[in-house]
Structure formats: C-alpha cells, structure tokens
Amino acid sequence: MNFRKSLILGPLLLVACTTTNQFKKESLMHDPYLWLEEVEGEKALEFAKAENKRTLEHFQQNPRFKTIEHDLRKIMLAEDRVPAVHLKNGELYNFWQDGKHVRGLWRKTTLQNYMTSHPHWDVILDIDALAKKENENWVWKGASTLPPAHEKALVYLSRGGKDAIVVREFNMKTRQFVTNGFVLPEAKSNVQWKDDNTVYVGTDFGPGSMTDSGYPRITKIWKRGTPVSEAKLVMEGEPTDMSVYSYVQLDGDNKHVFHSIRTGFYSSENWYEDDKGVKTRLPMPTDSEFWGVFKNKLFFELKSDLGNLKTGSIVFMPFDKIFEGEKAQASLKAIFVPTDKRFIQGMNPTKNHIMLHVTDNVLSKIEKVTFTNEDTFKTESVPLGENGMAYVTSTEEESDLYLAQYMDFFTPVSTYLGDASDSKNMLKLLKKSPDRFNNQGMKTQRFEAISKDGTKIPYFVTSKADIKMDGKNPTLLYGYGGFQSPMQPSYLGTVGKVWLEQGGVYVISNLRGGGEFGPAWHQSVLKENRYKVYEDNIAISEDLIKRGFTSPQHLGISGRSNGGLLTGATFTQRPDLYNAVIVGVPLLDMLRYHKLLAGASWMAEYGDPDDPKMREAILKYSPYQRLSKEAKYPEVFIMTSTKDDRVHPGHARKMVARMKEQGHPVYYYENMEGGHAGSANIEQAILWNSLEYTYLWEKLK
C-alpha cells in the first residue's frame, strides 16, 4: 500500500535568429501537417512506416548495432534477474517477462520460497496464452484485489500498451475470468472495489461523461448482476476538471469511502462519504494533496504555506475534525517538515507504523514514524545505504512487514525484508541482483551549473575514473525537469554495459521542475517561467564543455515525454551545443498540446496556449514553432508510439515532417504499439534501446 499514489562560452552563443514575432506569424498560419494527427489514418501510418524502414535499415547495418543488441538482450532477458515483488496478505506477487513469456506472467510465491535460490512460482495469469487464445495484443496494466481475502480481482488489460484499458473481473481461486462479472470495454476507466458485490466506476458512459482531458468526469456505484448503465451517480465534476474518481481506504477494521474531483493536475477537492451517503468535503486547501487515513487520522502534503506550517510538510488532523470545516486546520500537526535539502517523496503505512520515503540532497532514505499517543510520535532512521536510493517498495495492512530496496549507480538493486515493529530497525537481505557491467575504475561526481538567472543546478556525472578532460569524451546528458518528478540515482546496468564500459560519460540532471528539492523547485518554472528549465539544461551542457568532459561534437541529450519536450526545446534554441539529440514520446507542438489526448490536463504545468500572454510565453520555446529553415541542427532522432494515447504521436510526426520540409536531416522511429512507455514488451524495448545507443555512438564517437 502506498498513499501517494549560465556560463558564456563566446562562439557557443550563435543561435538561429528567428524572432518571437516571426514565430507568432508562423504559428497563426495554417498547419499543413494536421493530417499527421490522425493516429490510425492510412496516410499518417504510411508516413510512419516509410520513416521506420529508412531508420531501421540505416542503424541495423551499423556494425555496433548487433553488439549493442546482444549486450542489451543478455541483460534484459537474463534468467538471474531478481523478480520485483510486493506484499499482499502474506504472499509475494510479481509480474514477469522473459524470452518465453514476452507479454508476461502474473504470479505469486511465499516469502519462504522467495528466499530460496530457485523459488517456485504459482502462475495466476499467463498474458501470452490469453493474447493467443483471444487473438488480442494484450499488455498487462495491473490488477486490484479485494481485501482482506484477496480472492476477487479486477484485471486491467491494454491493447498495444495504451492508457485505455479493458477491465475484467477475475477469480483468484479458480484462476478464471468471472462469467457475468464486472467487465468494462476499452476506455480510460478507474474502477475500485467497495465490497464483494459492489464497485465504484468511472468510465466512458457516453457523451458528456469524460473531461476535456479524456478522463472520467463522473463516478457511479455499480452493483453486481446489473448492467453498468444502471449504475447510480455518486460524484460529478466539470468538463474542465481533469478527472473524478471514488475509492475505499481501510484503516484497521474501518472502511472509509472517499471521492476526489481533480480540478487540475495540482489541485483537487476531496470528499468523505459516511454510511448514510452524506458527503463532507475535507477542509484543506485545494492545492494540498490528500495522502490517506491511518490510525483515525487524515494525512495531507502541503503545496503552499498554511499558517505556520511550511510548504512540503506532511500534516495530519483527527478524523472527526473534518466536520468542523476550515476550523479543523487549527488542529493540524506535522509529522515531516522539509529543509533546504530534505523533502518527502512518499509514505507507506504498515499495520502500526508509517514508513517515510525522504530525499536528502537528492539521495533517498527511509524513516519510520511511530505514534506514541493520539498527538505525539517519534521518528527513527532506518539504516540502509548511504550514497543512493533506499526506499520502501511494499507494505500491507495486515502486518508490520515491509519490503525495501537499495541501489545506486554502481550497486544493483537489493531487496530487503523489514519489520516495523522491530525496535532495532534491522533489515534482512532477500535478494541481490547480479552485476551487469564492470564498474571497476569508474566514479560518480556531483557538480553544479549556474543557470542564466543565477540558480545553481546540480547534476551527476558517471565515467571512468581516469577520464581525460580533453573535451573528446562521448557524453550523454539525460533529463526531465517537470511535474515534480525527481531524477535520482539508479543502477546503470544497460547504460554501464553499452555506454560507460566503452568510454562514454553519463550525466543525470536535476533541473528545476523536478521533485529533487520539493514543491518550490517545481513551482518556480511553471507556465510563463517554463523557459528556465531549458536554460538549466543549456547551463549544464555548457558546464560540461567548460570542465573539459566533452565538446559540442561529442555531446548528446536525451529525454522522454516532458523530457522529449526538454530536448526538443533545447536543440531548437542551441543547436550549436549538440551533435546528437534523442526526442522520445515528446510534446513538441505546444500551441496545440492542450487539444490532443490528455493534453488539457497539463495546463497547470505549461499554461493555456489560448491565453494571449501564455501563448507569447510558449512561443519562446515551443519546438515545432521554433524550427527554422536557416538554422543548422544536428541530425536529431525522434521516437514515439502509435498507441501512445497520453502524449499524441502527432507531435513527433509533425516535427519530423516539418524538419524534412525545411531540409534538416532527421531520423524517426514509431513503434506501432507500446503506449506512452514506447514499448509493449521486452523485445520492443531491446530494439528501441539498441537504436538509441547505436545512434549515440554513431554521432558522438
């Protein structure tokens, strides 16, 4: 269970000299590539397939391709991979993919069995067999079981990896889908158990039932044995809201029903519903994040100061205070208060304790909170690792057991078993992943670049220790910079093998917009300040060059999703800095992003392009509008997925078409399935990554 869900370098200043007014004129002209927004349009698919053919033929004949693919395949399909598991009712559940089970197996084992060298796995559902039997391209999207027995499940299946899912009820004892059970056709649905015979459901009920962002606008309560059309309305939002959903949380023997209207990506109204159906709005600011119920207390994360309580604090109030309206805020107390370097990432309750996931100067630590009475508590550190990522991966309501993991750039993932009731906070090592590359003679360093407005932007550099600082090292800078998602250390298994071992330099950036330094780090670059993220990325690039790690001829950047926007915006502003640019599943046409698929939900991040002031601000960086025939760009590699129903593939397609029209060299690969992840299975992921690294070596060596 988890509650949460610059340095000036003379000639490098040369840039394309298109002005903002020119951008505005161009943006108001008819877009000749709107036909590429027809996701399954015949002409659009022909465009993608022709580009795929050219790209695959080019890179697959590169001598490096086979070596890279071989190394990636060996790692990604290794039989000695350690299965990632989570606790459920005393058992360990896992979803597993390998060469024989490309789509995957949903399976479980006992804790004792897992600790053996060759655990026996009880297969619950074989997705490969199901796809073959039903002639469907099923991709696993998870399942929710009904506590405390966990004998009933709602299974979520996607066609080709899309966010839209098919929901089907599954019997965990018979291992069969339930005839005439709870079933929903493909849609961006949310479904939650209430009891054995009842679920809360938000789905596409027909015209007007979805928000402008493409998510459910209403939720209903649905009784077993009745058609979903007879489900009764329980909560309703506005079309301009992001989404509406209903759910149940357990707190010991108590079962609480909550409803949430997500009014924006970072704002919500939350309601409690009692046994009589009376709804009470939780008395907190709309920008606070409701994290759940524990020991008859409600927990929230503050996203702005509230009285003497600081932004980024985790606060709680007694359950019965919610009926007092805003007066209840006077009873709030904090169990976690951030500092300049320490921030909260998540919290996981066990039966009697709360496990906190805390970042300390970007690195990650575990802390345990124990309430000694209703208002007082103590906090203890759980000793696990020092220079990387320690975090709790799974807890359960039935006990104080929890699973934790540790990893850093050079240390593979290790899984530990903990017992929160243990006063010594000792952890037992269950599994440790094998090393996947030779890290002897390698090191990680931390630096800070100075962005244009004077802000210090940290970043990690991993390389061979005896690296020559002669500006000739192939260097890959990876970043994201958005949605309060932090970029933190992780084991560099595949990167280490196909990049670092061969002499490459790998850089992780901690750009503003991420979650490395709390809400303020993120909020400082929202909407009209978005351009600062790209200045941060440019500042790190220039700092790497100044320090002698690399030079424009040997420097590449990569990012996906919002990170694809990052690399798109960066190379169109400073094409002189890079010789390789990977733009993955990207947003690129920022004047139309809010009209495409889930784009409307991101206006809290990027702003509304229909607002004249925001439009002017967006045009300063929107990659599709910034493209200039006169500029000299590196040979960019743009990648996306046809089945991405979150970030529209039209962004990538249109960018490629316009670049080709202007005479710029560009590579393009569109996986015909895969969803926003880009790949629907391991085989597709191997190909995707092989293409990326072959391209990088071709350009940066």
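Here the structure is a predicted model, which is why all the values come from computation and not from measurement.
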> Between R64 and E692, is there a side-chain N and carboxylate O pair less than 4.0 Å apart?
Replying inline: no
> Would T411 and Y406 count as a side-chain hydrogen bond (donor to acceptor under 3.5 Å, both in side chains) if you check the C-alpha gap in whole Å, the side-chain angles of each, and the deciding distance to 0.1 Å?
Replying inline: CA-CA 8 Å; T411 305; Y406 177 81; 5.3 Å; no
> Between S690 and F65, is there a donor-acceptor pair closer than 3.5 Å when you use the side chain of the first and the backbone of the second?
Replying inline: no
>> Under a plain distance cut-off of 3.5 Å, with no hydrogens placed, do Y606 and N562 share a side-chain donor-acceptor pair?
In response: yes
>> If we check side chain to side chain contact (heavy atoms under 4.5 Å, CB included) with I582, which of these qualifies: I638, T567, L696?
In response: L696
> How about S267 and T263: does a side-chain donor come under 3.5 Å of a side-chain acceptor?
Replying inline: yes
> Has the side chain of N439 got a donor or acceptor atom that lies under 3.5 Å from a matching backbone atom of M442?
Replying inline: no
> Aromatic rings W521 and F517: how do their planes relate, parallel, tilted or perpendicular, breaks at 30° and 60°?
Replying inline: perpendicular
>> Looking at every non-hydrogen atom in both residues, tell me the closest pair between F265 and R262 and how far apart they are.
In response: O-NH1, 3.4 Å
> What heavy-atom pair brings M590 and P609 nearest, and what distance separates the two atoms?
Replying inline: O-CG, 3.3 Å
> Are K527 and D611 close enough for a salt bridge, meaning some N to O gap below 4.0 Å?
Replying inline: no
> Does the side-chain contact (heavy atoms from CB on, under 4.5 Å) test come out yes or no for F410 and T462, once each step is laid out?
Replying inline: CA-CA 10 Å; F410 300 136; T462 302; 3.6 Å; yes
>> Parallel, tilted or perpendicular: which one describes the rings of Y534 and Y621, with boundaries at 30° and 60°?
In response: tilted
>> Could you check whether any side-chain N or O of R653 sits under 3.5 Å from a backbone N or O of E37, counting only pairs where one atom can act as donor and the other as acceptor?
In response: no
>> Under 4.0 Å between a side-chain nitrogen and a carboxylate oxygen: does that hold for E51 and R54?
In response: yes
> Does any donor atom in the side chain of E670 or T642 lie under 3.5 Å from an acceptor atom in the other side chain?
Replying inline: yes
> Any donor-acceptor pair under 3.5 Å linking the side chain of W602 with the backbone of F483?
Replying inline: no
>> Between D645 and K162, does any NZ, NE, NH1 or NH2 come within less than 4.0 Å of an OD or OE carboxylate oxygen?
In response: no
> Quick check: does any side chain N or O of K303 sit under 3.5 Å from a backbone N or O of G312, one acting as donor and the other as acceptor?
Replying inline: no
> Do the side-chain N and O atoms of T694 and N62 include a donor-acceptor pair separated by under 3.5 angstrom?
Replying inline: no
> Rounded to the nearest 0.5 Å, how far does CD of E69 lie from CD1 of I686?
Replying inline: 7.0 Å
> Around D340, counting heavy atoms of other residues, nucleotides and ligands shown, do more than 12 lie under 6.0 Å from its CG?
Replying inline: no
>> Set out, in order, the CA-CA distance, both residues' side-chain angles and the distance that settles side-chain contact (heavy atoms from CB on, under 4.5 Å) for L356 and K365, then state yes or no.
In response: CA-CA 8 Å; L356 298 181; K365 303 180 184 300; over 6 Å; no
> Distance from R512 atom CZ to N537 atom CG, nearest 0.5 Å?
Replying inline: 12.0 Å
> Once you round to the nearest 0.5 Å, how far does OG1 of T444 lie from CG of D408?
Replying inline: 8.0 Å
>> Between D610 and K595, does any NZ, NE, NH1 or NH2 come within less than 4.0 Å of an OD or OE carboxylate oxygen?
In response: yes
> Any donor and acceptor pair, going by atom type alone, linking the side chain of R560 with main-chain N or O of M639 inside 3.5 Å?
Replying inline: no
> Would you say I366 and H357 make side-chain contact, with heavy atoms under 4.5 Å?
Replying inline: no
> Of all heavy-atom pairs between A680 and N671, which one has the smallest distance, and what is that distance?
Replying inline: N-ND2, 4.4 Å
> Heavy atoms, side chains only, cut-off 4.5 Å: are V362 and P486 in contact?
Replying inline: no
>> Please check: side-chain N/O of S641 versus main-chain N/O of E673, any donor-acceptor pairing under 3.5 Å?
In response: yes
> What's the verdict on side-chain contact (heavy atoms from CB on, under 4.5 Å) for L565 and Y593, showing C-alpha distance, side-chain angles and the deciding distance?
Replying inline: CA-CA 11 Å; L565 170 60; Y593 83 90; over 6 Å; no
> What pair of heavy atoms forms the shortest contact from E635 to Y695, and how long is it?
Replying inline: O-OH, 2.6 Å
> Taking C-beta and beyond as the side chain, do M655 and V583 meet within less than 4.5 Å on heavy atoms?
Replying inline: no
> Closest approach of L555 and I545, non-hydrogen atoms and distance?
Replying inline: CD2-CD1, 4.2 Å
> Does the pair K532/D536 count as a salt bridge with the N-to-O cut at 4.0 Å?
Replying inline: no
>> Looking only at the aromatic ring of each residue, does the gap between the centers of Y506 and F409 stay below 6.0 angstrom?
In response: no
> Is the shortest distance from a Lys or Arg side-chain nitrogen in K53 or E57 to a carboxylate oxygen in the other one below 4.0 Å?
Replying inline: yes
>> Treating S213 as the side-chain partner and Y215 as the backbone partner, does any N or O pair qualify as donor plus acceptor under 3.5 Å?
In response: no
>> Under a 3.5 Å threshold, yes or no: a donor from one side chain and an acceptor from the other, between Y266 and Q484?
In response: no
>> A side-chain contact here means heavy atoms from C-beta on lying under 4.5 Å apart; do E698 and H58 qualify?
In response: yes
>> Would K497 and D71 count as a salt bridge (charged side-chain N to carboxylate O under 4.0 Å, His left out) here? Give the steps.
In response: CA-CA 7 Å; K497 187 64 181 177; D71 288 340; 5.1 Å; no
>> Looking at every non-hydrogen atom in both residues, tell me the closest pair between I540 and P458 and how far apart they are.
In response: CD1-O, 4.2 Å
>> Surrounding CD of Q553 (heavy atoms of other residues, nucleotides or ligands, distance under 6.0 Å), is the total greater than 12?
In response: no
Using a 3.5 Å cut-off and no angle test, enumerate the donor-acceptor pairs between side-chain atoms of residues 472-482 and protein atoms at least two apart in sequence or in another chain.
residue	atom	partner	partner atom	Å
N473	ND2	K468	O	2.8
N473	ND2	F549	O	2.9
T475	OG1	N473	O	2.9

>> I'd like to check R615 versus L591 (side-chain heavy atoms, cut-off strictly below 4.5 Å). Are they in contact?
In response: yes
> Does any donor atom in the side chain of T640 or H651 lie under 3.5 Å from an acceptor atom in the other side chain?
Replying inline: no
> Using the benzene-type ring in the case of Trp, are the ring centres of F59 and F637 under 6.0 Å apart?
Replying inline: yes
>> Within the 4.5 Å heavy-atom criterion, are D608 and H594 side-chain neighbours or not?
In response: yes
>> I'd like to know if R530 and E605 make a salt bridge, using a cut-off of under 4.0 Å between side-chain N and carboxylate O.
In response: yes
> Got V505 and V461 here, is their nearest side-chain heavy-atom distance under 4.5 Å?
Replying inline: yes
> Does the pair L627 and Y633 meet the rule for a side-chain contact (heavy atoms from CB on, under 4.5 Å), with working shown?
Replying inline: CA-CA 9 Å; L627 281 173; Y633 300 119; 3.8 Å; yes
> Do the side chains of Y624 and Y33 get nearer than 4.5 Å, heavy atoms only?
Replying inline: yes
>> Using 30° and 60° as the class boundaries, would you call the ring planes of Y693 and W499 parallel, tilted or perpendicular?
In response: tilted
> For T359, which of K341, Q488, R342 qualifies under side chain to side chain contact (heavy atoms under 4.5 Å, CB included)?
Replying inline: Q488
>> With a 6.0 Å cut-off on the ring centroids, do F437 and Y491 count as close?
In response: yes
>> Could you check whether any side-chain N or O of S364 sits under 3.5 Å from a backbone N or O of A390, counting only pairs where one atom can act as donor and the other as acceptor?
In response: yes
>> To the closest 0.5 Å, what do you measure between NE2 (H648) and CG (L36)?
In response: 10.0 Å
